[in-house]
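Here the structure comes first, spelled out in C-alpha cells, and everything after it is commentary.
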Amino acid sequence: MRYAQLVIGPAGSGKSTYCSALAQHGVDVKRNIEVVNLDPAAEYFNYTPMADIRELIHVKDTMEDEELHFGPNGGLIFCIEYLLENSDWLHDKLGDQEDDYILFDCPGQIELYTHLTAMKKLVKQLQDWNFSICSVFLVDVQFVTDGSKFISGTMAALSVMVNLELPHVNILSKMDLLSKGAKNKLDRFLEPDSHFILGDIELCGNTAFNVKHRKLTEAIGKLIEDYSLVRFIPLNLKSLENVGDVLLTIDNVIQFGEDQDIKTKDFEDNDDT
Ligand SMILES: Nc1nc2c(ncn2[C@@H]2O[C@H](COP(=O)(O)OP(=O)(O)OP(=O)(O)O)[C@@H](O)[C@H]2O)c(=O)[nH]1
Ligand SMILES: [Mg+2]
C-alpha cells in the first residue's frame, strides 16, 4: 500500500505552502513525505517536487499553441486531461516504493473538484496504483469568519466531497493570521451550532425575499448541523503541535501506520511467550 493526500482548495488558499510545510515537518520528525506538483500554471513553490506536471505540459503551451488557443482555465483542464492520457509519465515518476507518502499539490480552479470529472479520473488512476488516498480541502479561514460566509464555505466543501467521493478532510488554513476576537467567534462556528451561525447572518431589511432567503439559510444550517455533514479542522502552520495533530488526523483517515502498529504488537506478543 502507498499513501497520498490530494491537496485541493480555491486559488490562494495555501495549498503549496501546506505541502512545503508538511514536507519540512516530515524532515523534522524523520518521516519521508514527498510532494508532486500537479499545477501546470504554478509559478513558485517552496519544495523540491518528486514529479512536476510542468515537465510534461505547461499551461502556456496550451495558450500559445496556434490550434488550441486556450485561455488560462480551459488550458488548465486540457493539461489535466493530457496528464491522464499520458499517465505512464506519472507512473514512472512515482516509482513503486512501498509505504510512500505523497502530497499532490493541485491547481486552484475549484471547478476541477466540484463538478468536472478529470480529477476523479486521476484519483481512480492513483487507486489502481495501490494508493490509499484522501482529499484535503483547504479553505482560507479569513473567508469563513462570518455566518453567511461560513455556510457558503461549508457548501463548497460539501460539493467537493460529493463529487470526489473520497475520504475527505476539511482544513481552515492561515490560522496564524486570525485576530483573537475572530478566533473566539470561529470556535463557536466549529462546534456546529447553526443558531450561532444564523445569528451572525445580517439581514438587509425585511423584504419578502430576505425573509425567504433567511428561511433557506436556516434550513441549510440545520441540515449541516443535524447530519454533521461537514467539519473543519483549524491549521496554524506556525504551531508544530497543531501540524502534528492535523497530520495524525489525516494519517488515520488513510490508515497510514496501521500496518506498523500491528507489526509492533505482534512482536510484543511474541516477546511475552
Ligand atoms: N500567514 C500565512 N500565510 C499563508 C499561509 N499559507 C499560505 N499563505 C500565503 O498565502 C498566499 C498563497 O499561498 P499558496 O500556498 O501559494 O496558495 P495556493 O493554494 O497554492 O495558491 P494557488 O496554487 O495559486 O491556487 C502566499 O502569499 C502564502 O505565503 C499560512 O498558513 N499563513
Ligand atoms: Mg499552489
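Note that ligands are numbered from 1 as they come in the structure, with each ligand's atoms numbered from 1 the same way.
- Look at T17 and the Mg ion (ligand 2): no N/O/S atom of the residue is under 2.8 Å from the metal.
- Per-residue contacts place G108 under 4.0 angstrom from the following atoms of ligand 1 (heavy atoms of the residue considered): 25 (O).
- Each of the following atoms of ligand 1 lies closer than 4.0 Å to a heavy atom of L237: 31 (O).
- Using a 4.0 Å heavy-atom cutoff, G9 is absent from the residues neighbouring ligand 1.
- Protein heavy atom closest to atom 17 (O) of ligand 1, with residue, atom name and distance, is G14 N, 3.1 Å.
- Not one N or O on the side chain of S87 forms a donor-acceptor pair closer than 3.5 Å with the backbone of L83.
- Y47 and E34 are not linked by any side-chain donor-acceptor pair at a separation below 3.5 angstrom, with hydrogens and angles left out of the test.
- Here the protein heavy atom with the shortest distance to atom 9 (C) of ligand 1 is K174 NZ, 4.0 Å.
- Residues D251 and Y3 have side chains that never bring a donor and an acceptor to within less than 3.5 angstrom of each other.
- Applying side-chain hydrogen bond (donor to acceptor under 3.5 Å, both in side chains) to S16 and the options D105, N37, N46 leaves one that passes, D105.
- Using modelled atom types, no side-chain atom of N163 and backbone atom of S159 make a donor-acceptor pair closer than 3.5 Å.
- Closest of all the heavy-atom pairs between L84 and A118 is CD1-O, 3.6 Å.
- In this structure, the protein non-hydrogen atom closest to atom 25 (O) of ligand 1 is K15 NZ, 2.8 Å.
- At under 3.5 Å, not a single nitrogen or oxygen of Y18, backbone or side chain, sits near a nitrogen or oxygen of ligand 1.
- Of all non-hydrogen atoms in G75 and V59, the two that sit nearest each other are C-CG2, 3.7 Å.
- Between F189 and F232, a ring centre-to-centre spacing not shorter than 6.0 Å is recorded.
- With hydrogens left out, the protein atom closest to atom 22 (P) of ligand 1 is G12 N, 3.6 Å, a heavy atom.
- Protein heavy atom in closest approach to atom 23 (O) of ligand 1: D39 OD2, 3.7 Å.
- Under a 4.0 Å heavy-atom criterion, S13 is in contact with ligand 1.
- Taking only non-hydrogen atoms, the option from D176, T17, D140 nearest to atom 15 (O) of ligand 1 is T17.
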